[in-house]
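Okay, so here's the structure we're looking at.
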Protein chains: 2
Amino acid sequence: MTERVVPSAARQRRRPTKQGVVLSEELIVETALRLIEEHGADALSVRRLGRALGADPSSLYRYFRHTDDLMLAIADELIGRTLRTWRPTGDWRADLRDLGLRMHAGALAHPRAAVLSSYRVTGRAHEIQAVETIVGVLRGAGFPDAEAVRIYHAFVDQALAFGALDSASAAMPKAARETEAAVWTATYARLPATTHPHIAATARHLVADMRHSSYPAALELLLDAAAARLAD
Amino acid sequence: MTERVVPSAARQRRRPTKQGVVLSEELIVETALRLIEEHGADALSVRRLGRALGADPSSLYRYFRHTDDLMLAIADELIGRTLRTWRPTGDWRADLRDLGLRMHAGALAHPRAAVLSSYRVTGRAHEIQAVETIVGVLRGAGFPDAEAVRIYHAFVDQALAFGALDSASAAMPKAARETEAAVWTATYARLPATTHPHIAATARHLVADMRHSSYPAALELLLDAAAARLAD
DNA sequence: ACCTGAACACCGTTCAAGT
DNA sequence: ACCTGAACACCGTTCAAGT
């Protein structure tokens, strides 16, 4: 048994940094999230985080073994925030739609963390709670166990995969992001019908549609298909 | 008009590097793909690529304006390889299923490159060909233009997003991958029914299902929903 | 016990100089 | 015309020294 068993006691003994801040895991995670929100994904580096905390960059290594550990701590905090305010309504489609959109929005709010954590299985408290909740919604809707698991898996992976995809896009440097957005008008919309009949015929729709995430549409298709199977 | 109009002529005049290699866009892209596959995504840096080519890092800036341009060239090459052997059958569901599974398999064959390029819009030849092909399959099936574009977008993003998700998982260090796989049996399968009734009831299915990609199931759900809309 | 500062081994990118 | 080498402004991480 060491003092680490009582975190608050251990924390009180910590010496303030030069700028008078007492470091803690919570403070570091919150500051990292704030940095990302205020200055973009590129703002998160150990050196910048140290500067923002008024501490030497190397002091952060007492709290996180590497940057990846910090990322996972941030991700866990985000899962908690996503579920914390969610309440089931009893309508399985509305509940899954709401959960999916919240997971996707949570990813977009913290793109770097989303990209790094989307494919991880943590087995931690918040994740377990999410599995129990979603499988529960599907079983409550009447899906047999095997089908409930199959749809749970597709649903969760879809939310995580689109969250990561759209996050990666959002985390791009601004100039690159704008260049890509312009490709639809500058390149695709100008292809002649003689060589590219299908693109030429739908160019107007491509320009309008491709600038937005396709997640809401993909989610609705998945819910449609699940509902149809339930009706059989 | 400059000599760049005839690339092969321009290329022939290039001077070999110190180690005797004549640089070209193709050689750089192929070397980059090889570097990524052999030594991981982190192995791709301008400096390492220069070293692998036997050229000064800065000489690559004659072929690509920034690292990002190189990434797009790699992405387009992967799209090209995916489409090169595909042939339409006239059955839109079978065609889209085949295309989706090929895109997913192509991502898994080059996991590190897939993770880095899945969310990019290249506007290059192979990507344009892919858009034309897939929108063509959907219009040929009878979807009106706006609907064809909406389903195209969801279909492509889903293939890319799941491809990247499953690639990121596959690209993890072996030890970490095995630790995560064990979480389903070591943690989830042992949760008691009293606290986690839904997980306990479906543990057998979770253990069996979660070790595989959910992409084939998610693809089938998307095709089901699309077919239902066509029937209306 | 905790934080600091210097050091190490890297990055992407630019541009004058060399061939 | 093409490649090189030095330079600039960054990274993540380690570890002996300071308080």
Side-chain angles (χ1 to χ4, degrees), chain A residues 2-25 27-28 31-32 35-36 39-72 74 112 116 171-173 175-176, chain B residues 1-25 27-28 31-32 35-36 39-74 116:
Chain A
T2 74
E3 298 95 324
R4 299 206 65 226
V5 173
V6 186
S8 61
R11 219 179 295 125
Q12 274 172 342
R13 289 223 248 89
R14 292 195 188 284
R15 188 193 328 152
T17 63
K18 269 189 169 172
Q19 298 185 22
V21 182
V22 176
L23 294 177
S24 69
E25 187 172 317
L27 180 64
I28 294 170
T31 305
L35 259 186
I36 294 173
H39 301 103
D42 290 342
L44 190 62
S45 73
V46 176
R47 287 166 193 263
R48 284 197 201 219
L49 186 51
R51 231 181 292 143
L53 284 160
D56 192 272
S58 63
S59 66
L60 301 180
Y61 286 86
R62 307 209 136 261
Y63 299 86
F64 300 98
R65 297 205 323 275
H66 4 258
T67 315
D68 196 58
D69 268 12
L70 170 60
M71 277 303 166
L72 289 179
I74 291 172
R112 272 194 85 173
L116 285 173
M172 277 170 57
Chain B
M1 296 291 247
T2 72
E3 299 93 324
R4 298 205 67 226
V5 173
V6 186
S8 61
R11 221 178 295 127
Q12 275 173 342
R13 288 223 249 93
R14 291 194 188 285
R15 189 193 329 153
T17 64
K18 268 187 169 177
Q19 297 185 24
V21 182
V22 176
L23 294 177
S24 69
E25 188 172 316
L27 180 63
I28 295 170
T31 305
L35 258 187
I36 293 173
H39 302 103
D42 291 342
L44 189 62
S45 73
V46 176
R47 287 166 193 263
R48 284 198 200 216
L49 186 51
R51 232 181 292 143
L53 285 160
D56 192 272
S58 62
S59 66
L60 301 180
Y61 287 85
R62 306 210 135 261
Y63 300 85
F64 301 98
R65 296 203 327 274
H66 0 260
T67 314
D68 205 58
D69 271 11
L70 170 60
M71 226 42 255
L72 292 180
I74 291 174
L116 290 174

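Just so we're clear, the structure is a prediction, and the values are computed from it rather than from any experiment.
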- By side-chain contact (heavy atoms from CB on, under 4.5 Å) - contacts of A:Pro16 (at least two apart): A:Val22

- Message: Between C1' on C:dA1 and OH on A:Tyr63, what's the gap in Å once rounded to a whole number?
- Response: 10 Å

- Note on the structure: Stem ranges of DNA chain C by first residue number, counting only runs of at least 3 Watson-Crick or G-U pairs under 3.5 Å, come to C:4-8 with D:12-16, C:12-16 with D:4-8

- Task: Find out whether B:Leu53 and B:Leu60 are in side-chain contact, i.e. whether some heavy atom of one side chain is under 4.5 Å from a heavy atom of the other.
- Result: yes

- Task: From the options D:dC3, C:dC11, C:dT13, select the nucleotide whose nearest atom is closest to the side chain of B:Arg62.
- Result: D:dC3

- Between D:dC3, D:dT13, C:dT13, which nucleotide has the shortest distance from any of its atoms to the side chain of B:Thr67? C:dT13

- Atom CZ of B:Phe64 and atom CD1 of B:Ile28: how far apart are they, to the nearest 0.5 Å? 5.0 Å

- Message: Can you measure A:Arg47 atom CZ to C:dC11 atom P for me and round it to whole angstrom units?
- Response: 15 Å

- Let me know the distance between CZ of A:Phe64 and P of C:dC2, rounded to the nearest Å. 15 Å

- Query: If the P atom of D:dA9 is compared with that of C:dA9, how far apart are they to the nearest Å?
  - Reply: 22 Å

- Message: Using 0.5 Å steps for rounding, measure from the CD1 atom of A:Ile36 to the CZ atom of A:Arg48.
- Response: 12.0 Å

- Note on the structure: For A:Leu44 and A:Ala32 the tightest heavy-atom approach is CD1-CB, 3.8 Å

- Item | Closest nucleotide among C:dC3, D:dT13, D:dC11 to the A:Ser45 side chain | D:dC11

- Whole-Å distance separating the CD1 atom of B:Ile28 from the C1' atom of D:dC2: 13 Å

- Distance, rounded to the nearest Å, where B:Arg65 contributes CZ and C:dT14 contributes C1': 15 Å

- In whole angstroms, the gap separating C1' of D:dC11 from CG of B:Leu44 amounts to 17 Å

- Task: Find the distance B:Leu23:CG to D:dC2:P and express it as a whole number of Å.
- Result: 11 Å

- Message: Between A:Asp69 and A:Tyr63, is there a side-chain heavy-atom distance shorter than 4.5 Å?
- Response: no

- Within residues 52-61 of chain A: residues closer than 4.0 Å to DNA chain C (heavy atoms): A:Ala55, A:Asp56, A:Ser58, A:Ser59

- Query: Does A:Ser59 reach the main-chain N or O of A:Ala55 with its side chain, forming a donor-acceptor pair under 3.5 Å?
  - Reply: no

- Provide, to the nearest angstrom, the distance between the CZ atom belonging to B:Arg51 and the C1' atom belonging to D:dT4. 16 Å

- Task: Drop me the distance from B:Leu72's CG to B:Thr67's OG1, to the nearest 0.5 angstrom.
- Result: 11.0 Å

- Query: Taking side chain as C-beta onward, heavy atoms only, is A:Leu23 less than 4.5 Å from A:Thr17?
  - Reply: yes

